[in-house]
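I have placed the structure first, in the form of structure tokens, so that the comments after it can refer back to it.
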Amino acid sequence: MQGRLSAWLVKHGLIHRSLGFDYQGIETLQIKPEDWHSIAVIFYVYGYNYLRSQCAYDVAPGGLLASVYHLTRIEDGVDQPEEVCIKVFASRRNPRIPSVFWVWKSVDFQERESYDMLGISYDNHPRLKRILMPETWKGWPLRKDYIAPNFYEIQDAH
């Protein structure tokens, strides 16, 4: 089932794939990494001026990695703002997705966390470095094929 935003993208010749609606009725779209930055700018100009959240996940062991963006259209006098969910999939071998930091500054720490935990490189991000793990940490802890190191620092619980 194609939603209103998907129909608008088709009308304007913007390549995407409709993934339907989530349980709250929010339209979900898949955008290719190479198209994501230009479509993000279009969404911003179209009125999606608030990036509510960005997260990432490992689709399957050895499979794709996904970066998920929840965008909201905030307008005066509107009780229920319009929302859309965007999924951008990247290959596991070289997971690169354009950063949307220069569109929505609020994505700064969120893209850094996705990089830190899953190894997705966000091109043109101004400070893409680890945010939770030490800089010397090897690997990407939230990948389903991650093998935990044989050591853990024992910490005093008191």
For E111 and Y69, which heavy atoms make the closest approach, and how far apart are they?
OE2-OH, 3.8 Å
Sorted by chain and number, sequence neighbours left out, side-chain hydrogen bond (donor to acceptor under 3.5 Å, both in side chains) with Y44 holds for none
Hey, what else clusters with V78 if you join Ile, Leu, Val, Met, Phe, Trp, Tyr whenever side-chain heavy atoms sit under 4.5 Å?
none
Indicate yes or no: at least one non-hydrogen side-chain atom of P126 is less than 4.5 angstrom from one of W102.
yes
Could you state the interatomic distance from NZ (K11) to OG (S6), rounded to the nearest 0.5 Å?
13.5 Å
Heavy atoms of other groups near F109 CZ, more than 12 under 6.0 Å:
no
Please check this pair: side chain of N49 against backbone of I74, looking for a donor-acceptor N/O pair closer than 3.5 Å.
yes
Taking side chain as C-beta onward, heavy atoms only, is L5 less than 4.5 Å from F43?
yes
Do L14 and I86 sit in the same hydrophobic cluster, where Ile, Leu, Val, Met, Phe, Trp and Tyr count as joined when their side-chain heavy atoms come under 4.5 Å apart?
yes
Would you give me the side-chain donor-acceptor pairs under 3.5 Å for residues 29-41, sequence neighbours excluded?
{"residue": "Q30", "atom": "OE1", "partner": "R17", "partner atom": "NH1", "Å": "3.1"}
{"residue": "S38", "atom": "OG", "partner": "D35", "partner atom": "O", "Å": "3.2"}

Hydrophobic cluster membership, with links at side-chain heavy-atom distances under 4.5 Å among I/L/V/M/F/W/Y: are L19 and V88 in one?
no
Looking only at heavy atoms, which two atoms of C85 and H70 are closest? And how far apart?
SG-CE1, 3.7 Å
Validation row: L71, R52 side chains within 4.5 angstrom (heavy atoms)
no
Name each donor-acceptor pair under 3.5 Å that joins a side chain in residues 112-122 to protein atoms two or more places apart or in another chain, with its distance.
{"residue": "R112", "atom": "NE", "partner": "R127", "partner atom": "O", "Å": "3.4"}
{"residue": "R112", "atom": "NE", "partner": "K129", "partner atom": "O", "Å": "3.3"}
{"residue": "R112", "atom": "NH2", "partner": "R130", "partner atom": "O", "Å": "3.2"}
{"residue": "S114", "atom": "OG", "partner": "Q54", "partner atom": "OE1", "Å": "3.2"}
{"residue": "S114", "atom": "OG", "partner": "Q54", "partner atom": "NE2", "Å": "3.2"}
{"residue": "S114", "atom": "OG", "partner": "Q110", "partner atom": "O", "Å": "3.2"}
{"residue": "D116", "atom": "OD1", "partner": "R130", "partner atom": "NH1", "Å": "2.5"}
{"residue": "D116", "atom": "OD2", "partner": "I131", "partner atom": "N", "Å": "3.1"}
{"residue": "D116", "atom": "OD2", "partner": "L132", "partner atom": "N", "Å": "2.6"}
{"residue": "D116", "atom": "OD2", "partner": "M133", "partner atom": "N", "Å": "2.8"}
{"residue": "Y122", "atom": "OH", "partner": "Q54", "partner atom": "NE2", "Å": "3.1"}
{"residue": "Y122", "atom": "OH", "partner": "S67", "partner atom": "OG", "Å": "2.9"}

The criterion is ring pair (Phe, Tyr, Trp, His ring centres under 6.0 Å); which residues satisfy it with H16, sequence neighbours excluded?
none
Quick one: name the residues clustered hydrophobically with V59, using the 4.5 Å side-chain heavy-atom rule over I, L, V, M, F, W, Y, and just say none if it's on its own.
Y57, L64, V68, F89
Please list, chain by chain and in numerical order, all residues satisfying ring pair (Phe, Tyr, Trp, His ring centres under 6.0 Å) with W8, sequence neighbours excluded.
H12, Y46
Sorted by chain and number, sequence neighbours left out, side-chain hydrogen bond (donor to acceptor under 3.5 Å, both in side chains) with H125 holds for D108
Honestly curious: do W104 and I42 fall in one hydrophobic cluster under the side-chain, below-4.5 Å linking rule?
yes
Please list all pairs meeting salt bridge (charged side-chain N to carboxylate O under 4.0 Å, His left out) that have one or both residues in residues 89-107, counting only residues at least two apart or in different chains.
D58-R92, R92-D145, R96-D123
If you group Ile, Leu, Val, Met, Phe, Trp and Tyr by side-chain heavy-atom gaps below 4.5 Å, do Y146 and L142 land in one group?
yes
Salt bridge (charged side-chain N to carboxylate O under 4.0 Å, His left out) involving E82 - partner list, sequence neighbours excluded:
R4, R73
Under the side-chain contact (heavy atoms from CB on, under 4.5 Å) test, residues paired with P61 that sit two or more places apart:
K144
